[in-house]
Amino acid sequence: MEINQETLNQFLSLDDEELKKAFRSIAAALGMNEKLAVLGTSRFKSMLAASNPKDIERLLSSIDPARAQQIMKTVTDKGGNR
């Protein structure tokens, strides 16, 4: 599965509540504290906005493939299928 710029842009255009849900889901996939991740929503959004699809792919390739797949599913479900 690959992230393209359009999917990334659509994901970033989610309203704050949808982004919080998505970041909560991504945090769970990474084994992070979901509540703390939600508190950093604006920071995560800024970091994603400064990234490109290749940056995201490099990041995902550095983690467990099952976790990366969960994150990809969250991004594509939330951003690509609105």
Side-chain angles (χ1 to χ4, degrees):
M1 206 177 291
E2 184 178 305
I3 291 181
N4 59 40
Q5 191 63 49
E6 181 181 349
T7 300
L8 187 56
N9 290 343
Q10 288 175 345
F11 183 76
L12 289 169
S13 72
L14 295 172
D15 66 44
D16 287 346
E17 281 307 309
E18 285 297 312
L19 269 176
K20 285 179 183 180
K21 288 178 189 175
F23 287 134
R24 188 177 295 123
S25 196
I26 290 169
L30 293 171
M32 295 173 54
N33 182 309
E34 296 171 40
K35 290 180 182 179
L36 290 177
V38 170
L39 293 176
T41 296
S42 62
R43 184 172 180 203
F44 291 139
K45 185 176 181 178
S46 295
M47 291 169 55
L48 277 177
S51 301
N52 65 51
K54 292 294 179 196
D55 295 331
I56 306 301
E57 288 178 22
R58 273 194 303 277
L59 178 64
L60 291 174
S61 70
S62 70
I63 63 173
D64 175 70
R67 290 176 188 232
Q69 186 174 16
Q70 285 179 294
I71 293 168
M72 285 294 298
K73 181 171 176 19
T74 298
V75 171
T76 55
D77 285 354
K78 297 283 186 187
N81 295 326
R82 293 192 322 151

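The figures that follow rest on heavy atoms only: side chains count, while hydrogens, waters and symmetry mates do not. A quick note: this is a predicted structure, and the numbers were derived from the prediction, not measured.
Residue pairs meeting the ring pair (Phe, Tyr, Trp, His ring centres under 6.0 Å) criterion with at least one member in residues 52-78, sequence neighbours excluded, do not occur.
Between D64 atom CG and Q70 atom CD the span is 8.5 Å, to the nearest 0.5 Å. Between the OG1 atom in T76 and the CG atom in L8 there is a gap of 12.0 Å [rounded to 0.5 Å]. Within the model, atoms CE of M72 and CD1 of I26 stand 10.5 Å from one another, a figure rounded to the nearest 0.5 Å. How far CZ of R67 is from CG of L60: 13.0 Å, rounded to the nearest 0.5 Å. Taken to the nearest 0.5 Å, the CD atom of E57 stands 12.5 Å off from the OG atom of S62.
With sequence neighbours left out, S25 forms a side chain to side chain donor-acceptor pair (under 3.5 Å) with T74. Applying the salt bridge (Lys or Arg N to Asp or Glu O under 4.0 Å) criterion to K21, with sequence neighbours excluded, gives E18. Scored by the side chain to side chain donor-acceptor pair (under 3.5 Å) test, N4 finds T7 as partners (sequence neighbours excluded). Annotation: side chain to side chain donor-acceptor pair (under 3.5 Å) contacts of E17 (sequence neighbours excluded): none.
F44 and L12 fall within a single hydrophobic cluster, where Ile, Leu, Val, Met, Phe, Trp and Tyr side chains are chained together by heavy-atom contacts under 4.5 Å.
Residues L19 and F11 have side chains in contact (heavy-atom distance under 4.5 Å, counting atoms from C-beta outward).
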Below 3.5 Å, can you tabulate the donor-acceptor pairs from side chains in residues 29-38 to any protein atom, sequence neighbours excluded?
{"unit_1": "N33", "atom_1": "OD1", "unit_2": "K35", "atom_2": "N", "d": "2.9"}
{"unit_1": "N33", "atom_1": "OD1", "unit_2": "L36", "atom_2": "N", "d": "3.0"}

Using atom types as modelled, flag every donor-acceptor pair under 3.5 Å from a side chain in residues 48-56 to any protein atom, sequence neighbours excluded.
{"unit_1": "S51", "atom_1": "OG", "unit_2": "M47", "atom_2": "O", "d": "2.8"}
{"unit_1": "N52", "atom_1": "OD1", "unit_2": "K54", "atom_2": "N", "d": "2.8"}
{"unit_1": "N52", "atom_1": "OD1", "unit_2": "D55", "atom_2": "N", "d": "3.0"}
{"unit_1": "D55", "atom_1": "OD1", "unit_2": "R58", "atom_2": "NH2", "d": "2.4"}
{"unit_1": "D55", "atom_1": "OD2", "unit_2": "N52", "atom_2": "N", "d": "3.0"}

Verdict with reasoning, D16 to T41, per side-chain contact (heavy atoms from CB on, under 4.5 Å) | CA-CA 8 Å; D16 287 346; T41 296; 5.6 Å; no
